[in-house]
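Single-structure report; data block below.
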Amino acid sequence: VAAGAHAVWPPAAAEQLRRRYTADARRAWQARMAAPVAPGTCHVQQTADLAALAARLPAPAQLASALEAFDEEALSLQDLADFVSSFCSEDRPSTQSDEPDEVSRLREALDAAPALRSLARGCLVVRSARNGATQLLGDARALMDAVDCLLSSEAMASFLGVALAVGNYLNGGTARGQADGFEVANLAAMEGVKDPDGRDLRHLVLDIFFHRKPQEAERFLWELYPCFCAVSRRLERNDIGTESFTKELRDLRLASCAARLDALNAELIEAERLVAEAVSSPASGARGSTSWSQMASDALEEVRRPLRWSGELLALAGDAIDALSRALASPRIEIADVCRLLDDFFVPGDLIANKGWPPDFVHSFTSGEPLSLRQLKRLWNLTRTVALDRGVAEDSDEEAVSFGCSDAGSPQEDANGPLDAEAFARALAPGLRHPEDFAAAARMHSACLGTRTIGGDL
């Protein structure tokens with residue numbers, strides 16, 4: 001900062017650094033934190049918040065109409081909740097002599113029409129329950145879709161079969177070899193078994209699955225899309241550019257969804273009580289009690305309907321989970337755990353964060369779209385393959401199994417180096433179903449860097 005003509009930072013930025021990050025700035029900040037709060041500061045802030053809320057609300061003359069119509073555009077749910085807590089609750093703050101004019105006018109309107117307060121409380125409960133019921137219905141559908149795809153997927157058996165075969169091969173000659181099955185949760189343990197190059201067992205399983213069974217792999221990603229869709233992925237950067245890859249799982253636990261359903265049914269009962277109270281004493285002459293009663297009945301039905309459907313879906317999901325547990329010969333499983341387990345197996349965050357991937361590549365994993373086999377191969381660096389022993393291929397009717405992955409290349413490079421003719425043909429054949437696949441493989445394995453973008457050697 002003090003380098004004069006050779007300063008890296010411009011003067012304005014250098015001054016900001018001095019004010020915010022020097023030892024003097026640190027001591028000044030600590031002094032402010034230790035200073036006592038001036039009397040009345042909290043009251044001033046509360047008054048300012050009330051004034052801002054009153055300014056956002058509809059005018060007192062239109063407030064009753066907005067409440068009766070359950071108008072979300074005129075009155076957001078957050079503003080409605082703040083309005084109820086500040087002006088309509090039993091323990092609402094008392095009137096202050098120094099309140100702004102808009103706050104005083106709003107209090108006067110509420111005192112002139114006391115039924116507005118019960119109307120606002122009823123509207124808040126109805127709208128909150130409606131949002132919760134809609135969200136619960138979405139989670140119940142996602143849970144049912146995830147259970148259904150796990151039960152009906154044929155490619156799931158192929159994937160688990162590859163994992164079982166790899167485990168039996170590694171455990172050959174021991175009491176754990178020649179197993180007939182394994183706990184699905186044991187897939188997570190494969191991350192801890194690594195080779196000298198740092199690759200774990202997931203690399204081997206996916207290498208065999210992607211290259212020996214490409215059709216099953218494509219079908220697996222499509223059939224299990226509801227499971228992968230239950231996990232939302234996000235790549236974030238902090239102030240110094242360090243990336244963190246986070247995942248958020250939908251609430252697909254049956255017990256949790258059932259508890260939410262019970263709570264929302266209780267809210268529905270309370271909403272019916274408050275609506276009946278508001279109907280008995282209309283808050284505004286703008287609408288008769290008959291029209292308000294009809295609108296309230298329609299709003300309550302918008303809560304009842306998704307709750308009824310959610311209850312039916314959760315009952316079906318419970319039966320399906322029992323069937324899935326019997327099929328997997330395991331205790332009752334949590335679908336949320338299976339979804340997270342599969343997503344961590346195929347899309348581990350440590351392969352994406354701080355690896356220099358281009359934005360469009362990262363977007364393919366964070367957009368919520370179905371996973372692409374080609375992008376997964378690139379993520380796991382499985383685009384270059386080495387054929388297994390010829391004897392293995394001769395014993396199989398399928399193409400030679402690809403085994404291992406190259407250490408060459410960078411995440412920012414599509415190429416993994418040149419291959420000879422036979423190796424190129426073996427790498428190309430399993431995934432070749434469209435002209436675009438041929439062109440992509442040609443670019444990927446081209447020895448001619450100058451023409452790689454237009455097809456390389458071919």
Side-chain angles (χ1 to χ4, degrees), residues 50 53-54 56-58 60 62-94 106-107 109-141 143 250-251 253-284 286-315:
L50 288 178
L53 174 61
R56 294 196 302 270
L57 294 174
Q62 287 79 39
L63 181 59
S65 298
L67 292 172
E68 290 178 346
F70 299 93
D71 190 348
E72 297 186 3
E73 294 184 1
L75 189 60
S76 70
L77 183 60
Q78 183 59 54
D79 285 345
L80 177 59
D82 293 341
F83 169 68
V84 169
S85 64
S86 301
F87 295 95
C88 305
S89 62
E90 298 297 334
D91 56 348
R92 59 184 180 273
S94 59
L106 182 57
R107 291 192 189 277
L110 293 174
D111 292 338
L116 266 178
R117 290 190 169 95
S118 62
L119 177 61
R121 290 194 295 268
C123 182
L124 175 61
V125 175
V126 171
R127 287 178 55 180
S128 177
R130 183 170 58 187
N131 287 0
T134 302
Q135 184 177 4
L136 176 62
L137 179 59
D139 290 340
R141 285 173 173 166
L143 172 60
R250 296 188 70 160
D251 185 7
R253 298 186 182 277
L254 186 62
S256 175
C257 291
R260 289 165 57 194
L261 178 63
D262 293 339
L264 286 169
N265 280 322
E267 282 189 35
L268 177 61
I269 296 174
E270 176 66 11
E272 291 172 341
R273 185 189 68 80
L274 292 173
V275 166
E277 179 182 335
V279 168
S280 63
S281 56
S284 170
R287 300 180 186 273
S289 60
T290 303
S291 62
W292 154 239
S293 177
Q294 182 60 45
M295 285 188 294
S297 177
D298 294 342
L300 289 173
E301 184 59 28
E302 292 179 4
V303 180
R304 295 189 191 97
R305 190 184 305 114
L307 289 182
R308 184 169 58 251
W309 292 344
S310 297
E312 295 172 357
L313 282 174
L314 292 178

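What you are looking at is a predicted structure, and each value in this text was computed from that prediction instead of being measured.
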Please list, chain by chain and in numerical order, all residues satisfying salt bridge (charged side-chain N to carboxylate O under 4.0 Å, His left out) with Glu302, sequence neighbours excluded.
Arg130
Among Leu313, Leu307, Leu261, find the residue that satisfies the side-chain contact (heavy atoms from CB on, under 4.5 Å) test when tested with Leu137.
Leu313
Starting at CZ of Arg141, measure out to OG of Ser310 and round the result to the nearest 0.5 Å.
8.0 Å
Looking just at side-chain N and O atoms, do Gln135 and Asn131 make a donor-acceptor pair shorter than 3.5 Å?
no
Would you sort out whether Cys123 and Arg127 count as a side-chain contact (heavy atoms from CB on, under 4.5 Å), showing the intermediate values?
CA-CA 6 Å; Cys123 182; Arg127 287 178 55 180; 3.7 Å; yes
Taking every heavy atom of Ala129 against every heavy atom of Leu264, the minimum-distance pair comes out as O-CD2, 4.0 Å
Identify the two heavy atoms, one from Ala133 and one from Val303, that lie closest to each other, and give their separation to 0.1 Å.
CB-O, 4.0 Å
Pairing residues for Glu267 by the salt bridge (charged side-chain N to carboxylate O under 4.0 Å, His left out) criterion, not counting sequence neighbours:
none
With side-chain contact (heavy atoms from CB on, under 4.5 Å) as the test, would you mind laying out the steps for Arg273 and Val125 before giving the verdict?
CA-CA 10 Å; Arg273 185 189 68 80; Val125 175; over 6 Å; no
One pair to check against salt bridge (Lys or Arg N to Asp or Glu O under 4.0 Å): Glu270 and Arg121. What are the steps and the verdict?
CA-CA 10 Å; Glu270 176 66 11; Arg121 290 194 295 268; over 6 Å; no
Please enumerate all residues that pass side chain to side chain contact (heavy atoms under 4.5 Å, CB included) together with Arg250, with sequence neighbours excluded.
Asp139, Ala142, Leu252
Quick one: are Leu136 and Cys257 in side-chain contact, heavy atoms under 4.5 Å?
yes
So, do Leu314 and Leu143 sit near enough that their side-chain heavy atoms are less than 4.5 Å apart?
yes
